[in-house]
Amino acid sequence: MSYDYGEMERKWQKKWSDSKLDHAERDAEKPKFMMIFAYPGVTGFLHVGHLRGYTYTDAIGRYKRMTGYNVLFPVGTHATGNGAITLASKVANNDLDFIDYLVRNGCPREKLDDLKDPMKVVDYFNTVYVNDYWKRFGFLADWRRFTCTLYPDYGKFIQWQFRKLNDLGLLIQKPYYSPTCPVHGPVAVDASETDISKGGNAEVQEYTLLKFKHGNEYLIAATLRPETVYGQVCFWVNPDVEYTRIKKGSETWIVSKPAAEKLQLQKDGITMLEPISGRDMIGWTCEAPMIHREIPVFPATFSDPNVGSGLVTSVPSDAPDDWISLDALKNDPSMAEEYGLSRSLVDSVEPISIITIEGYGDFPAKDIIERMGIKEPGDPRLDEAKKQVYKDGYHIGRMKDTSGPFSGMRVEEAKEKMKQAMLDSGEAEIFYDLTEEVVCRCGRPVNVKRIDDQWFIDYGNEELTERTDKHCYDMDMNPPEFYENVHATLRWFRERACVRQGNWLGTRFPFDDKWIIEAISDSTLYPLYYIISLYANDGRISPDNMTEEFFDHVVLGKGDAKKVSENTKVPESILASIRSDVEYWYPLDMNLGGKEHMTVHFPVFLFNHRAILPDSMQPKGILVNWYITGKKEKIAKSKGGAQPIPGAVEQFGVDGMRLYYAHIASMFVDVEWSEDNVMTYRQRLDRIMGTVEELLSGGDAKEASEIDDWLMSRFNGHLMSVRKAMEKYDLRQMATAVYFEMLNDLKWYGRRGGNNKETVSEALRIWISCMAPITPHVAEEMWSLVGFDGLVSSAQLPEPGPVSGSAEYGETLIRDVMTDVQQIKKVTASDAKKIVLYTSPSWKTAVMRIGLEMADNGTLDIPTLTKKCMADEEMRKNGKAVSEFVKKVVTDLTRSSLDSKRDMMGVDEYSLLASAKDFLSEDMNAEVIVFSADDKDAYDPQNKSRAAVPGRPAIYLE
RNA sequence: GCCGAUGUUGCCAAGCCUGGUCAAAGGCGAUGGACUCAAGAUCCAUUCUCGUAGGAGUUCACCGGUUCGAAUCCGGUCGUCGGCACCA
């Protein structure tokens, strides 16, 4: 049996929309709940992983709606950055893989021409996200409020946000070092390669420039390892390279020509002087920084004028290149001769051991060379050797006692300290360089340039950090680990570059429009904007109206309404309405996002709220969800290999997928996508629909019986656990109760002959209401099938009625008996034709009752209970059996919950089993006879009745 | 390396905070049975090991500790995953 979910989905989505369920309007009568999921970046088609978090959001919103809240659930997209530009350029360049990806995901071919324009790309995906994903999934989002970070009105809001940050002194300017094309300015260096034609994987690396005094000029070496200066024994110059002198302030430096050009980009007051050949410098001595020793200048061909300064200080102990080059020089007398170096000078240079690394000897460089079998300078494996020894040294190394005041420090720490010491004494400077050659798409070389006027948001501000941190304690964050860790993350934040130049989409920086506000910084305060976007979208206000004064008024309540109205040309009534909306909806109650947001988006979201908005508008909750993964790796949008959403929806149905997301795992673990798993959820929905149909077509017992009490008690219990679970947004626990436990209970109800119309109807009302948050379409379908009024989506979740332990206990007993019989059958491998049950003798029940009373008063122990029992004459006759049973009862009562025992005592087991005789007999296909163990005439050939205790009838099979 | 998360019975995944009712929920898969000409779906049962009476034994990454008692608390080790900044 299979249902047409597609038709069902369309039908109910239309009804929701017709009854404006998706509209959220201020309603002072109702408590509000405002929620969002972190809007996605416009970078391609979404995959089944994204819908996980979105589905949680909608389900939570629907639940809140059904428990009395007025819910605002707006959506939008984030298109800032170069994503859309990249996509557009791929289309423009006729990238066949990419075009295939578009078409495979449902993009019509005739649309392709349009998509050469980045803005059209954004529009296209905005439509796809809203129509093909969110609406298709049945979300009750308020579509009228949709916004995108590239909309002009959104831009106005962001500019206002930056004005406020500036007012608060949180915008600061300081130098920043960025890869820059001489013509196009700063460029983005990343693998997507929109700005550059070569070098997408390059990174900016920080070198320490060390100054070696020679006469009244300086040889400049660049190093990544300032901590090794105590091991310097000589200096390398490439004899075949022409270097240059430069004027740096009042000093004269010697560096390679490319280095001189790069330095001009980063440092002030540099002028080029005359060149000098490397060969001429060989045989000089110079004074090494920090250690202030004269060291000789030796020839080395490995030093590359394009890397660093083109000059290298030599630390043979820890640098494989240095070790092997020194070795070569020592072992080849002709080489020394060629450069006029004396034998004794060369021999006098001995490596100094400076760092101890576990697994290495005194000279790590030597060890690694030998281990890798490297024999001579120029071996390409030296690069790998260098990386390895650097890495090990940095992470696990310690400075030996040859390192002066830095002796004993961990390398990691010594590195910073030594660098700082040399910077302070003027013996060193900082220099940035790229790890590989980068070429702009215009063909010109990209180098690191100092930008003096880079803007930052000062997240390092102590006062702000303190206040934000404090607010976090008042928030509801899930998982709890995030609540714990967010404080450390907030403290870790420093200044963050918030604007950039170049080929990017985004909002212009309000104080200098050569800058564009970057992607993280324009997506921090945006939930607030959804309240205002409603008015911008329907034309009641336009971007021109949205001045600083306007936002100050509607968001912060500043200014006189009349004046603001005059200045902004927005009617007073509109201003008042927006202001009331803001006051009603804000703060945001829940912000849901994927785990990648924990260290970036969520903290800046919190910082900006705390900085700009008053106490009453601070966010209340954050919910983090984990991923759906592919085999082995995260399903990435960019890879495009994941199953397209529309196809998945076709295959599994929206509700099947929604149920899958809700139930497959806790929100806080990654889940591997598996079509088989999703399919089983779809089948479960089939089964549920079938069960409802069966229940409706059943007869009517008129009189309610024990099984009806049982079912209602169970359902009330489930209803309570559903509410409890949803308090914590625990959709999984909720789904377990609704789609598994409740279904099983209904099956059992039927199996036990339950068919009272009223009970069934009441149970279905509860059941279907509980399904509405997660599988709303199926719920609506069944709701109307049963004949309930209106839409379940706008109904209220029933309040749970009483739960009766004793009503539930009876069925537990019957199931236990059935399990035990199965168990015995299995062990004895027999197929019993006759099943005899013996309920507990009354004296055991009496002992249990007395024991329970004592446990209630806390006076339960073995001797006292024994004494109390022996006071009874009847019991004394069974003396030995009683004392043994007392022991059992006492351990039993101390271990298990007293409630369950109380429920047990409230039931007459004999009549219960007797009334279930027919059912048991039929179900187990055997004759069933029930005796009380008190019955002297009972049929009991093996004296099994002895074993009977309360809650556990004895069983005899034959 | 630093910070964080995580390791449960064939697989997925609850339980862990708040120790006992835990051989450990639920789902998937598998096996047997019912239904069916048959397949699928559905329903029932079983699914760590042993066991001709409802029991016993050994388990929750590994080692050690606390406790009358540990999957749960503490310490250590190993493995896996994520973040480490201008990237959304």
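Lettering of chains follows the sequences in order, A, B, ..., and the numbering in each one begins at 1.
Although no hydrogens or angles enter the test, the distance criterion places no donor-acceptor pair under 3.5 Å between the side chain of A/R496 and the main chain of A/I457. A donor-acceptor contact shorter than 3.5 Å links the side chain of A/H601 to the backbone of A/S523. Judged by distance alone, with hydrogens and angles left aside, the side-chain atoms of A/E227 form no donor-acceptor pair with the main-chain N or O of A/E416 at under 3.5 Å.
The partner of B/C50 is B/G55, by the rule that a Watson-Crick or G-U pair needs both atom distances under 3.5 Å. Across every strand in view, B/G1 sits in a pair with B/C84 that passes the Watson-Crick or G-U test at under 3.5 angstrom. Under the Watson-Crick and G-U wobble criteria, each requiring two contacts below 3.5 Å, nucleotide B/U67 is left unpaired. Shown here, B/G19 forms no base pair; nothing in the strands shown gives a Watson-Crick or G-U wobble contact with both key distances under 3.5 Å. B/C60 is unpaired under the criterion used here, namely a Watson-Crick or G-U wobble arrangement in which both key atom distances are under 3.5 Å. Shown here, B/C11 forms a base pair with B/G27; the pair counts as Watson-Crick or G-U wobble because both key distances fall under 3.5 Å. Of the nucleotides present, B/G33 is the one that pairs with B/C43 by Watson-Crick or G-U wobble criteria, both distances under 3.5 Å. B/U6: Watson-Crick or G-U partner is B/G79, with both key distances under 3.5 Å.
Among the protein residues, A/R684 comes within range of the sugar-phosphate backbone only, with heavy atoms under 4.0 Å from sugar or phosphate atoms but none that close to a base. When heavy atoms are screened at a 4.0 angstrom cut-off, A/H78 is found touching the sugar-phosphate backbone but no base atom. A/A497 comes within 4.0 angstrom of a nucleotide base, judged by non-hydrogen atoms across all strands. Residue contacts shown for A/P953 include a base, since a base heavy atom lies under 4.0 Å away. Residue-level contact check: A/Y176 touches the bases, meaning some heavy atom is under 4.0 Å from a base atom.
Atom CG of A/N943 sits in a crowded spot, with more than 12 heavy atoms from other residues, nucleotides or ligands closer than 6.0 Å.
Within the 4.0 Å cut-off from OP1 or OP2 of B/G26, not a single side-chain nitrogen or oxygen of A/R732 is found. Taking side-chain N and O atoms only, A/R500 has a distance below 4.0 Å to OP1 or OP2 of B/C87. Regarding contacts with the backbone of B/A14, a side-chain N or O of A/S666 is found under 4.0 angstrom from either OP1 or OP2. Residue A/R496 places none of its side-chain N or O atoms closer than 4.0 Å to OP1 or OP2 of B/C86.
Rounded to whole Å, the distance from CZ on A/F602 to P on B/G4 is 19 Å. In this entry the distance linking CE of A/M742 with C1' of B/G26 reads 16 Å, nearest Å.
Between B/G19 and B/A88, the two C1' atoms lie 44 Å apart (nearest whole Å). Comparing B/A70 with B/G54, their P atoms sit 25 Å apart, to the nearest whole Å. Nucleotides B/U31 and B/A41 have their P atoms positioned 13 Å apart, rounded to a whole Å. Comparing the C1' positions of B/U59 and B/G7 gives an interatomic distance of 16 Å, to the nearest angstrom. For the C1' atoms, the distance from B/U18 to B/A71 is 15 Å, rounded to whole Å. Look at the C1' atom in both B/G20 and B/G26: the space between them is 23 Å, to the nearest Å. Comparing the P positions of B/C2 and B/C16 gives a spacing of 31 Å, expressed to the nearest Å. Between B/C78 and B/C22, the distance separating the two C1' atoms is 27 Å to the nearest Å.
Summary of the strand contacts: A/A79 and A/T680 both lie near RNA chain B, and taking for each the nucleotide with the nearest heavy atom, the more 5' one is attributed to A/T680. Mapping A/D730 and A/Q942 onto RNA chain B by nearest heavy atom places A/D730 closer to the 5' end of the strand.
Under a 4.0 Å N-O distance rule, the pair A/D820/A/R952 qualifies as a salt bridge. The pair A/E495-A/K174 meets the salt-bridge criterion, with a side-chain N (NZ, NE, NH1 or NH2) lying under 4.0 Å from an Asp/Glu carboxylate O.
Each of A/D522, A/T149, A/T147 was scored for a side chain to side chain donor-acceptor pair (under 3.5 Å) with A/H78, with one residue passing: A/D522.
Relative to the side chain of A/K826, the nucleotides B/C87, B/C28, B/G51 differ in distance, and B/G51 lies closest. Comparing atom distances between the A/R751 side chain and each of B/A53, B/C44, B/G55 picks out B/C44 as nearest. Nearest nucleotide to the side chain of A/R687, out of B/G82, B/C43, B/U52: B/C43. Each of B/G27, B/C87, B/A13 was ranked by its minimum atom distance to the side chain of A/A665; first place goes to B/A13.
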task = Report the C-alpha separation of A/W748 and A/F919 in whole Å, then their side-chain angles, then the decisive distance to 0.1 Å, and conclude whether the ring pair (Phe, Tyr, Trp, His ring centres under 6.0 Å) test is met.
result = CA-CA 12 Å; A/W748 180 256; A/F919 164 70; 5.7 Å; yes
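Residue A/W492 and nucleotide B/A85 are classified as a stacked aromatic pair, their ring centres being separated by less than 5.5 Å at an interplanar angle below 30°.
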